[in-house]
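Computed from a predicted structure; not experimentally measured.
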Amino acid sequence: MTPIKKKYETDRLILRVLERRDAPLVQSFYERNIMDFGKYEPLPAEEVHTLAFHERCMDYETDAFKQGKLVRFFIFQKDNPMQIIGTVSYRNIRRAYYGCCEVGYKMDMAYRRRGYAHEAIGFANGLLHRELGLHRIEALVMTDNTPSIGLLEGLGFTREGLLRDKLCLKGVWYDHYMYGKIFND
């Protein structure tokens, strides 16, 4: 069981853990960004963009959240709480001796370069450190994803190495940089 709540607010944003009933909102988020997100999805677009797919994902994420293994926040603007503008997820949460997890994120193309990702991820990183006692957060990023690299470095992540042929997308293997953020307090 996780001590993480299902809703938080920052200066401009609402971060919410969603459930199956919210799958249409999630589907709409992916549909609006199909051209961009499709480049990074290992699954075929015709599967990823169905309501049934998102319902299954929401069921899985709800169970994993209850078990304390995963937290996925969907990001909303405070003045538009019914349209998802991004997501930040923490998976493979390992407490006790490891005290670490992996972070992943996506932002709606129309809401980039406004500081929303920095605000949401920075808040959520601190939250998981405080509430779960995590010492380390890891992130993988494709080597040519300059905006994401800048975001991670701006959030205090350090490039730790190169993972060769880490992920296969549409038959092509891609290298990824490994980033880590350590909380020293």
Side-chain angles (χ1 to χ4, degrees), residues 10 12-65 69-77 80-93 101-125 128 137-155 157 163 165-179:
T10 67
R12 301 179 294 163
L13 305 172
I14 299 169
L15 280 66
R16 287 179 39 213
V17 175
L18 301 182
E19 298 176 356
R20 176 184 261 267
R21 69 177 175 268
D22 302 303
L25 290 175
V26 178
Q27 181 186 22
S28 175
F29 170 65
Y30 277 85
E31 285 296 323
R32 286 192 313 274
N33 293 279
I34 191 168
M35 296 305 293
D36 187 55
F37 293 173
K39 295 184 283 191
Y40 306 105
E41 293 289 344
L43 299 173
E46 58 272 7
E47 180 179 342
V48 174
H49 296 284
T50 66
L51 183 58
F53 174 82
H54 292 291
E55 288 173 340
R56 286 191 309 274
C57 286
M58 302 314 292
D59 289 344
Y60 169 80
E61 290 174 5
T62 297
D63 290 343
F65 177 78
K69 296 178 181 178
L70 177 141
V71 176
R72 183 177 188 193
F73 291 113
F74 287 87
I75 305 166
F76 301 83
Q77 293 175 298
N80 188 6
M82 292 308 295
Q83 180 177 322
I84 297 168
I85 65 165
T87 179
V88 56
S89 63
Y90 297 87
R91 59 192 172 278
N92 297 328
I93 296 173
C101 68
E102 299 165 19
V103 64
Y105 45 87
K106 291 181 176 149
M107 286 301 294
D108 188 305
M109 293 184 306
Y111 295 90
R112 293 181 185 165
R113 307 256 187 238
R114 298 183 190 184
Y116 292 136
H118 191 278
E119 183 176 333
I121 298 166
F123 173 83
N125 284 351
L128 268 72
I137 297 177
E138 300 171 349
L140 298 178
V141 61
M142 293 176 77
T143 58
D144 64 349
N145 191 340
T146 306
S148 192
I149 290 168
L151 174 64
L152 289 170
E153 291 176 354
L155 287 165
F157 284 78
L163 302 174
D165 288 354
K166 176 64 178 166
L167 180 65
C168 185
L169 297 172
K170 296 168 184 52
V172 178
W173 287 96
Y174 290 92
D175 295 346
H176 282 67
Y177 290 128
M178 166 67 101
Y179 276 82

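- Listed by first and then second residue, the salt bridge (charged side-chain N to carboxylate O under 4.0 Å, His left out) pairs that reach into residues 168-177 come to none, sequence neighbours excluded.
- Here the CD-CG distance, from Q27 to L51, works out to 5.0 Å after rounding to the nearest 0.5 Å.
- A donor-acceptor contact shorter than 3.5 Å is absent between the side chain of D63 and the backbone of Y60.
- Y177 places none of its side-chain heavy atoms less than 4.5 Å from the side chain of L152.
- Here the side chains of P81 and R16 are not in contact, with every heavy-atom distance at 4.5 Å or above.
- A pairwise comparison of heavy atoms in E61 and F74 identifies OE1-CE1, 4.3 Å as the closest pair.
- Between D108 atom CG and Y116 atom OH the span is 11.0 Å, to the nearest 0.5 Å.
- Between M58 and V26, some side-chain heavy-atom pair lies under the 4.5 Å cut-off.
- Take E102 and apply the side chain to side chain contact (heavy atoms under 4.5 Å, CB included) test, not counting sequence neighbours, and it matches R91, N92, R94, E138.
- Partners of F29 under the ring-ring contact (aromatic ring centres under 6.0 Å, His included) rule, at least two apart in sequence or in another chain, are F37.
- In this structure, NE2 in H118 is found 4.0 Å from CG in L155, a value given to the nearest 0.5 Å.
- Side-chain contact between Y90 and I121 is present, with at least one heavy-atom pair separated by less than 4.5 Å.
- Pairing each heavy atom of L15 with each of A120, the nearest pair is CD2-O, 3.8 Å.
- Remark: the backbone N or O of T10 is not paired with any side-chain donor or acceptor of E119 at under 3.5 angstrom.
- Between F157 and N125, the closest side-chain pair of non-hydrogen atoms falls below 4.5 Å.
- Separation of atoms CD (Q83) and CZ (R32) is listed at 4.0 Å; rounding is to 0.5 Å.
- For F73, the ring-ring contact (aromatic ring centres under 6.0 Å, His included) test picks out Y8, with sequence neighbours left out.
- Expressed to the nearest 0.5 Å, how far CZ of R56 lies from CZ of R20 amounts to 9.5 Å.
- Each of I85, L13, I84 was scored for a side chain to side chain contact (heavy atoms under 4.5 Å, CB included) with F76, with one residue passing: I84.
- In this structure, a donor-acceptor pair under 3.5 Å is present between the side chains of R72 and T87.
- Taking the ring-ring contact (aromatic ring centres under 6.0 Å, His included) definition, one finds that H176 meets it with nothing, sequence neighbours left out.
- Across all their heavy atoms, A124 and V88 have their closest contact at CB-CG1, 4.4 Å.
- K106 contributes atom NZ, which lies 8.0 Å from atom OG of S89 (distance to the nearest 0.5 angstrom).
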Subject >> Worked check of side-chain contact (heavy atoms from CB on, under 4.5 Å) between L151 and M107 >> reply: CA-CA 12 Å; L151 174 64; M107 286 301 294; over 6 Å; no

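- E153 meets the side chain to side chain contact (heavy atoms under 4.5 Å, CB included) test with I149, R159, Y179; sequence neighbours excluded.
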